There are 2 protein chains.
Amino acid sequence: MQTAREIHAAVSLRGEDTRQRLLEVALDIFGQHGFDGASTREIVQRAGANLTAIPYYFGSKEGLYVAAAEYMVTDCLRRMTPAMERTLREVQDPRLSHSELIHHLCDLLDDFAAVLMGPQMPDNWSVLFAREQMQPTAAFDKISVAFQPFTSVLQEMVGRILGQSADDRDTRLRVLTLFGQVLIFRTNRATVLRLMNWQEFGEPQLRAVQIVIRKQVTAILAKSS
Amino acid sequence: MQTAREIHAAVSLRGEDTRQRLLEVALDIFGQHGFDGASTREIVQRAGANLTAIPYYFGSKEGLYVAAAEYMVTDCLRRMTPAMERTLREVQDPRLSHSELIHHLCDLLDDFAAVLMGPQMPDNWSVLFAREQMQPTAAFDKISVAFQPFTSVLQEMVGRILGQSADDRDTRLRVLTLFGQVLIFRTNRATVLRLMNWQEFGEPQLRAVQIVIRKQVTAILAKSS
DNA sequence: GTCTATAGTCGGATAGAC
DNA sequence: GTCTATCCGACTATAGAC
């Protein structure tokens, strides 16, 4: 027989579980149809929850949207954390050579590409992310803040490699173009697949992309320039 | 007094005008709210047309969407055409030096950036474009076909500069990363503005971007690499 | 915490007059 | 070609029982 506390705990667990499933399904559907196009009915149906669970847990459809976006960036960052911590450790040594620094930077970008292109990053997430870039909503702040540590690391490394401040305008522009070279394989996937005659974006494709990016980053940051 | 033919011509003109206004407004609103979120009532209201004009001219809401996407790429290409024709003319000379070729390529990318970032390219257009990239609809084919000449030119030039075939896999990947370096300033505008501490994307900002891209493209395609 | 029932709004499409 | 009127389905949010 259950005590009152155990019953309450069980109920809470069930509630947390419902909340979680709603977040996951909502993220998928908001990405697919956009905020306006997404139907709360479809969300609760696929999540196996009741329609009124959305106002109950998230206040409103908009609250659910913001929570889903937050869930997405948290998950992305969690998968980027190991690579970032490794890089921070490697870079602590102040006597690293120019080419060693470039090597560590390329490793970090490799992992970044792997997270972006990997099967763990559903297309629908990217769509939601892209939409927030061009039409920021309340969710954009959460996205932006969460990604700041990552750009900081890149600025530090690029600045050090180029022998200029991490906050230098040129440094920041360079970081953005580095991002761009990786991101296009995500944001313009349809064009990439068509131009490359690829049917899917799997392991071999990721490898090819990583190789080209390494070549280009090395050339861009080479000492002669 | 008007003849029957003149009256008919006037009506046709009015019809064409309504059609045109619907296209322009539809493009803006589809970009802003997505296909599902866009309201035909809002479109006709802002276009000063009647609700039934959409089924009449475009068959359905979906027909209007495809027509609007087609209208967008036609307009973009029209603005890119002068630069492309100039480049094709410049590149005809088979004795161009390595650095001259790079120079012409940079000029083309400059114009590409100007079209992408310029005030003539509304944010909402980019959003529609981005959505089609990740969730292609019937409109994607029209977009894709229209842009093919542009990628062809880039493949030709990059291949020639690197001394390899225009259809080489490495050539195509290089072209994509070149695109990426420019496109990120469009597709991730919110992140760009925040990282650069820019309030808007005007003439000076465009200039700064063009300078960095020239530097990087030159480094990437330098003979030593 | 979860459910049913329902209110109130807005969506796209069509019929038919002019 | 343009308009009014209308159908009917889908939407979010809420009240209130359990």
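A, B, ... follow the sequence lines: proteins, then strands. Residue 1 opens every chain. This structure is a prediction, so every number in the text was calculated from the model and none was measured.
Between the CZ atom of B:Arg41 and the P atom of C:dG11 there is a distance of 6 Å, given to the nearest Å. As rounded to whole Å, 8 Å separates atom P of D:dC11 from atom CD of A:Glu42. Distance CD1 (B:Ile29) to C1' (C:dG12): 15 Å, rounded to an integer number of Å. The CD atom of A:Glu16 sits 10 Å away from the P atom of C:dT2 (whole-angstrom rounding). In this structure, the CZ atom of A:Phe35 is 14 Å from the P atom of D:dC11, given to the nearest Å. Here C:dT9 presents its P atom at 19 Å from CG of A:Asp36, a figure rounded to the nearest Å. A:His33 places its NE2 atom 14 Å from the P atom of D:dA10, with the value rounded to the nearest Å. Atom CD in B:Gln45 sits about 13 Å away from atom P in D:dT4, given to the nearest Å.
Remark: aromatic rings of B:Phe185 and A:Phe179 are distant, center separation not under 6.0 Å. The aromatic ring centres of B:Phe129 and B:Phe147 sit less than 6.0 Å apart.
Base engagement by B:Leu51 is indicated by at least one non-hydrogen atom pair under 4.0 Å involving a base atom.
OP1 and OP2 of D:dA13 both lie 4.0 Å or more from every side-chain N or O belonging to A:Thr40. An OP1 or OP2 oxygen of D:dA10 is reached within less than 4.0 angstrom by no side-chain nitrogen or oxygen of A:Ser39. Applying the 4.0 Å criterion to OP1 and OP2 of D:dT2, one finds that B:Tyr57 has a side-chain N or O inside that range.
Counting only heavy atoms from C-beta on, B:Asn50 has its side chain closest to D:dT4 among D:dT4, C:dT2, C:dT14. Proximity note for A:Thr18 (side chain, C-beta onward) versus C:dT2, C:dA13, C:dT14: the nearest is C:dT2. In the set D:dA13, C:dA13, D:dT2, the nucleotide with an atom closest to the side chain of A:Lys61 is D:dA13.
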Can A:Asp168 and A:Arg172 be said to form a salt bridge (charged side-chain N to carboxylate O under 4.0 Å, His left out), step by step?
-> CA-CA 6 Å; A:Asp168 190 273; A:Arg172 281 178 286 163; over 6 Å; no

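Below the 3.5 angstrom threshold, one finds a donor paired with an acceptor across the side chain of A:Thr52 and the base of C:dC3.
Of all the heavy atoms in B:Gly48 and B:Arg21, the pair that sits closest is O-NH2, 3.6 Å.
A ring pair (Phe, Tyr, Trp, His ring centres under 6.0 Å) with A:Phe30 holds for exactly one of A:Trp125, A:Tyr65, A:Tyr71; it is A:Tyr65.
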